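Atoms within each ligand, like the ligands themselves, are counted from 1 in listed order. Quick caveat: nothing in here was measured; it's all calculated off a predicted structure.
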Amino acid sequence: MRITQAKKEDAKELFALEQQLFSKENFPLSLRMFRYHLGRNICFVAKEDEKIVGYILLLKRKRWLKLYSLGVAREFRGKKIGVQLLEFALHYASAQSYEKVLLEVRRDNEGAIALYESFGFSVLQTSLGFYGDGCDALIMQKKLV
Ligand SMILES: CC(C)(COP(=O)(O)OP(=O)(O)OC[C@H]1O[C@@H](n2cnc3c(N)ncnc32)[C@H](O)[C@@H]1OP(=O)(O)O)[C@@H](O)C(=O)NCCC(=O)NCCS
């Protein structure tokens with residue numbers, strides 16, 4: 001498995017993976033949005049035999065990054081790919097001198113919350129009924145400086 005920065009040509013493959021990862025109520029990214037973000041923001045992909053099996057998308061703000069999305073293909077889960085993508089992203093954030101990383105996660109997504117907590121993210125606030133099905137979002141933050 002290797003992690004590289006995504007290129008514009010990866011948009012279609014990322015979009016296909018996104019449809020497996022996030023159902024409608026979780027606001028999946030459209031192909032158009034992937035194209036937009038690949039031009040403007042920062043996305044790292046995990047590849048196995050040249051196939052994208054996971055990705056992490058970070059939106060650039062002036063002094064901080066929003067971790068917009070992280071996902072690993074079902075058949076590749078539990079192999080620390082999520083950990084490695086997050087490590088890669090946080091290394092990038094520190095190297096670029098961003099002050100913090102913020103993210104939103106479903107309150108019922110125990111696996112993702114455990115992963116973020118293991119990297120030192122903590123809950124800043126709760127957005128009640130944020131998702132399409134009424135689930136709350138936890139807004140989590142990790143300070144880098
Ligand atoms: C969350 C996700 C990215 C984790 O990716 P992964 O490659 O399977 O995760 P890893 O193998 O790197 O797991 C690392 C840690 O995350 C936590 N974790 C991941 N999946 C978990 C699960 N289903 N239940 C409990 N803990 C879990 C554990 O702490 C795990 O460490 P451990 O194996 O030592 O217990 C993946 O499950 C996924 O793509 N889910 C669907 C999309 C999603 O919910 N993304 C997050 C949205 S904010």
Looking just at side-chain N and O atoms, do Glu18 and Tyr55 make a donor-acceptor pair shorter than 3.5 Å?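 Side-chain D/A pair, Glu18 to Tyr55: present.
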
Phe88 meets the side-chain contact (heavy atoms from CB on, under 4.5 Å) criterion, sequence neighbours left out, with Ile3, Phe44

Not counting sequence neighbours, list each pair that qualifies as a salt bridge (Lys or Arg N to Asp or Glu O under 4.0 Å) and has a residue in residues 106-135.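 Qualifying pairs, neighbours excluded: Arg106-Asp108, Arg106-Asp133, Arg107-Asp136.
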
Could you report the tightest heavy-atom contact between Glu87 and Phe119, atom names first, then the distance? CG-CE2, 3.6 Å

Partners of Glu50 by salt bridge (charged side-chain N to carboxylate O under 4.0 Å, His left out), sequence neighbours excluded?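 Per chain and number, Glu50 pairs via salt bridge (charged side-chain N to carboxylate O under 4.0 Å, His left out) with Arg2.
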
Within the 4.0 Å heavy-atom cut-off around ligand 1, the contacting residues, ordered by chain and number, are Leu21, Phe22, Leu70, Gly71, Val72, Arg77, Gly78, Lys79, Lys80, Ile81, Gly82, Val83, Glu104, Val105, Asn109, Gly111, Ala112, Ala114, Leu115, Tyr116

Below 4.5 Å, heavy atoms only, C-beta onward: do Leu103 and Lys66 meet side chain to side chain? no

